[in-house]
Amino acid sequence: MLDPALLRQHLAVTAERLWAARGLELPVSELEALEAERKAVQVRTQELQANRNRLAKEIGLRKGKGLDASDLLAQSQAIPQQLKGAEEQLATLQERLNAIAMRIPNIPHESVPTGADETGNVEVRRHGTPRNFDFAVRDHVEIGARHGWLDGDSGAKLSGARFTVLRGGVARLHRALAQFMLDVHTGEHGYTEYNVPLLVNQETMQGTGQLPKFEDDLFEVPLGGYRHLAIDGQAQAALRSAIMRDDRDDALALLNGIAGDLGLQTLGRVPAAMWDQMHDSEALVATLHRWLWKRMYLIPTAEVSLTNLVRDEILDGEALPLRLTAHSLCFRAEAGAAGRDTRGMIRQHQFEKVELVQIARPEQSHVQLEEMTGHAENILRRLGLPFRTMLLCSGDMGFAAVKTYDIEVWLPSQGTYREISSCSNCESFQARRMQARFRNAAGKPELVHTLNGSGVAVGRALIAVMENYQNADGSIAVPEALRPYMGGVTRIE
RNA sequence: GGAGAGGUGGCAGAGUGGUCGAAUGCGCCGGAUUCGAAAUCCGGUUUACGGUUCUACCGUAACGUGGGUUCGAAUCCCACCCUCUCCGCCA
């Protein structure tokens, strides 16, 4: 989330920057109107609250002394009702403002080149020379198929498209890669190893920015199973009628009845966005599920779990930067990638990754980004894989980042470099959502900067090793660095 | 899944309707004392949001979460979440 001050005091400039950098149009007039109203309503609400408190305190004082307070009591009678209206109005406004703010991406760092898409990315360095093959190069699918090492058909049988079964020496090589990466990061780069949950709640997904905007990219799991799916038909009909009559109180009562039946927490008021949806949509049941279901999400990257470890914490400034790493499974719905990279295991619904996360002081974070990118590059160097490092342009960066380096590994079968790591500095964007802070020199809590990077994607590293280390006879040489993890095996055949 | 206990400031822990944002102790910071230290004494020590005359002041909110009752809720009522203990099941 951007600093709210940018959306209040500097809205015009902020809108310009977002348009220039990411081609994003801010709803400026809507924000201005909501903000003006919020200010007025908040001031009025707080005045009413102050008034209530003053009278209640005075009543308490008088009663304590055994004095009569009936005049004050009479004055107080009307306040709760006025206050209820004002508080609801304020909550609705804040909800609407927040819903907009939570969907606005970060503003790129000044060192980031402006560009619309990946063609605007800038190569910053290159390492290693692609090998010359004196035989026809096979891609990882062909290499894997010969001995059943990579089995896409079985993956499809068990699960569907974008799943692959690994077998034998290649399965072991995959495991060796993950072990090797973890050992390098913990042993040489100063990271602490973590093992984290793969299934996380909504707050966690909001903290790192996957929610609310990118729900379609995630796999979700209904909590407590599918029995919560059943919504009584009569209750539904009654609710539909209340919505048509625009009767909010009745709708709320009915909603709470449904929530109670499902064993869920009841609502104090209907959230603004939910009310809008129920009004607009014929698909009432789908809307109810969306709002009432308790669900968890499979992480698309361990960045989510690792970064959220500092959510709602005030860290000791002396301890920064924190360096965290984890090897984890990652799950991605790949909703927007239909038809892309359908061959082989480049783009899977489930894959493994060793993730790097740093929690840094603001003045250090850009130095830390360079360092972390170096840590990821180091893995490829040690594996003897050619790569290049790209500075992403403004239009190609992710939602939360201010600056991102992609590391691309050479794939001989494609004759090109393919992304194997992405290292980003999010500055305070995630920290603000998470309320992740440290105590600065003045003793005041200040938002930390968060960084994350792949160190690196295990599945893609496997592909890169298979293709770059293939032999004419279809066997695969084991890179020097991995041999200790392969029981000394030098060749998979 | 069954039974029970419990969730309060950095920690421990009091508070069962009204000067309670919250006693007390520990910790931490500053000061006094001391050659110095310990001990002792004194003072201070949450966060978020908003307003403004914007390194300050004023206000609001927060005692697991969300509601309700009330002029007034940490305290009463309801729902949910989480933790702990015992039993059952299970990798």
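Protein chains get the first letters and strands the later ones, always in sequence-line order, with residue 1 at the start of each.
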Whole-angstrom distance between [N] and [M], as gauged at atom [atom1]:
N: B:G13; M: B:C26; atom1: C1'; answer: 11 Å
N: B:A23; M: B:U8; atom1: P; answer: 16 Å
N: B:G4; M: B:C78; atom1: P; answer: 15 Å
N: B:U65; M: B:U83; atom1: C1'; answer: 15 Å
N: B:G18; M: B:U70; atom1: C1'; answer: 12 Å
N: B:C86; M: B:C49; atom1: P; answer: 43 Å
N: B:G27; M: B:G66; atom1: C1'; answer: 34 Å
N: B:U45; M: B:A22; atom1: C1'; answer: 15 Å

Quickly work out the [X] [atom1] to [N] [atom2] distance and round it to whole Å.
X: A:Asn195; N: B:A91; atom1: CG; atom2: P; answer: 20 Å
X: A:Met434; N: B:A48; atom1: CE; atom2: P; answer: 15 Å
X: A:Arg437; N: B:G10; atom1: CZ; atom2: P; answer: 10 Å
X: A:Glu47; N: B:C49; atom1: CD; atom2: P; answer: 21 Å
X: A:Lys444; N: B:C29; atom1: NZ; atom2: C1'; answer: 13 Å
X: A:Gln9; N: B:C49; atom1: CD; atom2: P; answer: 13 Å
X: A:Leu255; N: B:C80; atom1: CG; atom2: P; answer: 16 Å
X: A:Arg439; N: B:C29; atom1: CZ; atom2: C1'; answer: 12 Å

To the nearest 0.5 Å, what is the distance between CD (A:Glu446) and CD1 (A:Ile314)?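 Those atoms lie 12.0 Å apart.
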Please round to the nearest 0.5 Å and tell me the distance separating atom CG of A:Leu288 and atom CG of A:Leu255.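 So the CG of A:Leu288 and the CG of A:Leu255 are separated by 6.5 Å.
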Which part of the nucleic acid does A:Arg432 contact within heavy-atom distance under 4.0 Å: base, sugar-phosphate only, or nothing?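 Answer is nothing: A:Arg432 stays at 4.0 Å or more from every strand.
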Contact class for A:Arg62 vs. all strands (heavy atom < 4.0 Å): base, sugar-phosphate, or nothing?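 Counting heavy atoms under 4.0 Å across all strands, no contact is made by A:Arg62.
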Without hydrogens or angle criteria, can the side chains of A:Gln430 and A:Thr450 be said to hold a donor-acceptor pair below 3.5 Å?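 Side-chain D/A pair, A:Gln430 to A:Thr450: present.
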Between the side chains of A:Lys403 and A:Ser424, does any donor sit under 3.5 Å from an acceptor?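 Checked: A:Lys403/A:Ser424 side chains show no N/O donor-acceptor pair below 3.5 Å.
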Salt bridge check, A:Glu35 against A:Arg96: does any charged N sit closer than 4.0 Å to a carboxylate O?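 Salt bridge: no.
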Nearest of B:C80, B:U60, B:U47 to any side-chain atom of A:Ile314?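 Taking heavy atoms from C-beta onward, the closest nucleotide is B:U47.
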Nucleotide of B:A48, B:C80, B:G51 approaching A:Pro445 most closely (side-chain heavy atoms):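 Of the candidates, B:A48 comes closest.
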Option from A:Leu306, A:Leu315, A:Leu451, A:Leu309 for which side-chain contact (heavy atoms from CB on, under 4.5 Å) with A:Ile359 holds: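 Only match with A:Ile359 under side-chain contact (heavy atoms from CB on, under 4.5 Å): A:Leu315.
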Nucleotide paired to [N] in any strand shown, Watson-Crick or G-U, under 3.5 Å:
N: B:G27; answer: B:U45
N: B:U53; answer: none
N: B:G4; answer: B:C84
N: B:A37; answer: none
N: B:U16; answer: none
N: B:A79; answer: B:U65

Of A:Gln49 and A:Leu61, whose closest RNA chain B nucleotide lies nearer the 5' terminus?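 On the 5' side of the pair lies A:Leu61.
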At under 4.0 Å between heavy atoms, how does the protein contact nucleotides 62-77 of chain B? Give one character per nucleotide, 5' to 3', with B, S or -. ---BBSS--BS-----
With a 3.5 Å cut-off and sequence neighbours excluded, list the donor-acceptor pairs that the side chains of residues 198-206 of chain A form with protein atoms.
unit_1, atom_1, unit_2, atom_2, d
A:Asn201, OD1, A:Glu203, N, 3.4
A:Asn201, OD1, A:Thr204, N, 3.0
A:Asn201, OD1, A:Thr204, OG1, 2.8
A:Thr204, OG1, A:Arg311, NH1, 3.0

Return each pair, listed once, that meets salt bridge (Lys or Arg N to Asp or Glu O under 4.0 Å) where at least one residue sits in residues 14-29 of chain A; pairs must be two or more places apart or across chains.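 Residue pairs passing salt bridge (Lys or Arg N to Asp or Glu O under 4.0 Å), neighbours aside: none found.
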What's the shortest heavy-atom distance between A:Gly155 and A:Val165, and which atoms?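 Heavy atoms of A:Gly155 and A:Val165 come nearest at N-CG2, 3.8 Å.
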